[in-house]
There are 2 protein chains.
Amino acid sequence: MNPNPQAGRSAPDSAQPASAFGKLACSNCKLRDVCMPVGLDENELNRLDQMVSVRRKIKKGHALFRSGDPFTAFYAIRVGTFKSRVVTPDGKDQVTGFQMAGEILGLEGISMDRHACDAVALEDSEVCVIDYQHFQMLANEFAPLQKHFHRVMSREILRDRNMMLLLGSMSADQRVAAFLLNLAQRQQARGFSGQDMMLRMTREEIGNYLGLKLETVSRTLTRLSDDGMISVDQRHIRLLNATALKALIGLTD
Amino acid sequence: MNPNPQAGRSAPDSAQPASAFGKLACSNCKLRDVCMPVGLDENELNRLDQMVSVRRKIKKGHALFRSGDPFTAFYAIRVGTFKSRVVTPDGKDQVTGFQMAGEILGLEGISMDRHACDAVALEDSEVCVIDYQHFQMLANEFAPLQKHFHRVMSREILRDRNMMLLLGSMSADQRVAAFLLNLAQRQQARGFSGQDMMLRMTREEIGNYLGLKLETVSRTLTRLSDDGMISVDQRHIRLLNATALKALIGLTD
DNA sequence: CGGATACTTGAAATAATTCAAAGAATGTGG
DNA sequence: CCACATTCTTTGAATTATTTCAAGTATCCG
């Protein structure tokens, strides 16, 4: 009978200074292409390195932050996967996204100076802590960094709008197809296979995210598998016919 | 057989310089409490006034901007109501929001330097054009303005996340109740009645927004009306029992 | 290994959609 | 300013996609 780790407060699982040692710095980070520092020059990168000075490790099932926590920083994922979810007063919840390495967490907190969702690690993970105040001091000097920050927020809005389209108008087949294609595309952008993937989340979490019940997700995966578009072996999914999947959601390849 | 006004390009319906004359300036605007200038001091306000120098009138049914249009500015609604919608390659579309006076349109465009949705006027409307580059020059000097801008974007993310919750997990009754309560609350924040409202959108647009068919919206309104929670006379809706409506979506008043 | 969690599959139930028709409101052109 | 066409809204009946309930199997983790 383990205490549910998600029930605990979101205390740091660990914290360590980071970029004083060159090889942990933004300037050396393999995720530079998908994370904050996109498009910065040497000088700007060095300043950023000084600022992103803390890392935090989060164990599977633990929260990086929770709804209501004061907002002081946002986070760039170095290693691992998270889910974000909003929770209603009466206990209903909605997974609003799955985030992977290089993606940013916590920007929704700026609005109220408090986080408005939970971010829970789906596997042992590690994030870079980016202090908002500190970051803004830097961004006010380097306009390109400010602009990049705006782009990141704007992209988040775009992503959420597309999710509204999915939730508002797509069938179960289409939702699952869109979900798998999106995941594959992001894996590929990180140098992994665009066909093969290991899901880090349960059917229930996928269903919650897609506005479906877990049984419907399971059935839909089976159906797509029967139709030869994918192969399913538990959480190992292979895209066998991406073109057909795209066609499902109205994309001509 | 009229040419559909929505089919036309989004050319300015009209444009005029604005704030050179004091009474049209941000500093005098009745929407100050709900729009951009929140929390600025005199000095900052004057600078903002100089910048928000152009207004645009948009006739009912016409687009302020369309998906694909280059992004150069965002917009604050002075008068009227808009809907935003995203459109898929295959013609499906999703209304992602209804915006009223004081609210900001177009921030989704920053990410790609192009607008990613259409903003269509639901009645004859007028907006303040806020040039993004110009605004950023000012915001880089005045940290509070930059911070406010971030809050506006963050609030947009929050709003979209709540919409995902609605679309992902609520029944038709709950969706319509949440929609009406939200509208009423925003009307009230603008000094109008929190009970009485004139909808500016069709049942179809509401349905599209809420992930329902127009018939379902109509039936749901009838049902809420039969239950005495609201009265419906075409687009005139009156909230007769807001507490019951809130209870529907799990809010204890 | 054993208990708990995750996943699949079937059958019945249901909420919402689709199809259809008719009535009300709105706006346009004569 | 009226008449007609168009758009919008309501309502009913049949259909359907998804959910719910239920049971069984597989898998993971300590």
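Naming convention: chains lettered A, B, ... in sequence-line order (proteins, then strands); numbering from 1 in each chain. Just so it is clear, the structure is predicted and the values come from calculations on it, not from any experiment. Computed over heavy atoms, backbone and side chain alike; hydrogens, waters and symmetry mates excluded.
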When you get a sec, tell me which of [options] is the closest nucleotide to the side chain of [X]?
{"X": "A/Thr202", "options": "C/dT9, D/dC8, C/dA6", "answer": "C/dA6"}
{"X": "B/Ala172", "options": "D/dT18, C/dA16, C/dG27", "answer": "C/dA16"}
{"X": "A/Ser171", "options": "D/dT18, D/dT10, C/dC7", "answer": "D/dT18"}

Is a side-chain donor-acceptor pair under 3.5 Å present for A/Thr243 with A/Asp253?
->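 A/Asp253 vs A/Thr243: donor-acceptor pair found between side chains.
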Between the side chains of A/Gln188 and A/Ser193, does any donor sit under 3.5 Å from an acceptor?
->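 Short answer, no.
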Using a 4.0 Å heavy-atom cut-off across all strands, classify A/Leu214 as base, sugar-phosphate, or nothing.
->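 Base: the residue A/Leu214, judged by heavy atoms under 4.0 Å, touches a nucleobase.
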Heavy atoms under 4.0 Å, any strand shown: does A/Arg235 hit a base, just sugar-phosphate, or nothing?
-> sugar-phosphate
Ignoring backbone atoms, test whether A/Thr222 places a side-chain nitrogen or oxygen under 4.0 Å from the OP1 or OP2 oxygen of C/dT9.
-> yes
Closest-nucleotide ordering on DNA chain C, the 5'-leading residue of B/Gly211 and A/Arg203 |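 Its nearest nucleotide lies further toward 5', so the answer is A/Arg203.
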Once you round it to whole Å, what is the distance between [atom2] of [N] and [atom1] of [X]?
{"X": "B/Leu122", "N": "D/dC8", "atom1": "CG", "atom2": "C1'", "answer": "15 Å"}
{"X": "B/Lys213", "N": "D/dG12", "atom1": "NZ", "atom2": "C1'", "answer": "19 Å"}
{"X": "B/Arg175", "N": "C/dA16", "atom1": "CZ", "atom2": "C1'", "answer": "10 Å"}
{"X": "A/His236", "N": "D/dA26", "atom1": "NE2", "atom2": "C1'", "answer": "18 Å"}
{"X": "A/Arg219", "N": "C/dC7", "atom1": "CZ", "atom2": "P", "answer": "15 Å"}
{"X": "B/Glu204", "N": "C/dT18", "atom1": "CD", "atom2": "C1'", "answer": "14 Å"}
{"X": "A/Glu123", "N": "D/dC29", "atom1": "CD", "atom2": "P", "answer": "12 Å"}
{"X": "B/Met198", "N": "C/dA25", "atom1": "CE", "atom2": "C1'", "answer": "12 Å"}

Starting from the 5' end of DNA chain D, give me the residue, B/Leu221 or A/Leu212, whose nearest nucleotide shows up first.
->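 The residue mapped nearer the 5' terminus is B/Leu221.
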Hey, which of these two, A/Asp173 or A/Gln234, hits DNA chain D nearer its 5' end, going by closest nucleotide?
-> A/Asp173
Any N/O donor-acceptor pair, B/Glu215 side-chain to C/dC19 base, under 3.5 Å | yes
Determine whether more than 12 heavy atoms belonging to other residues, nucleotides or ligands lie under 6.0 Å from atom CD of B/Gln174.
->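 Yes.
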Nearest heavy atoms of B/Arg78 and B/Leu31, plus distance in Å |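 For B/Arg78 versus B/Leu31, the nearest heavy atoms are O-CD1, 3.5 Å.
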Classify the angle between the aromatic ring planes of B/Phe71 and B/His115 as parallel (below 30°), tilted (30 to 60°) or perpendicular (above 60°).
->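 Ring orientation, 0 to 90° scale: perpendicular.
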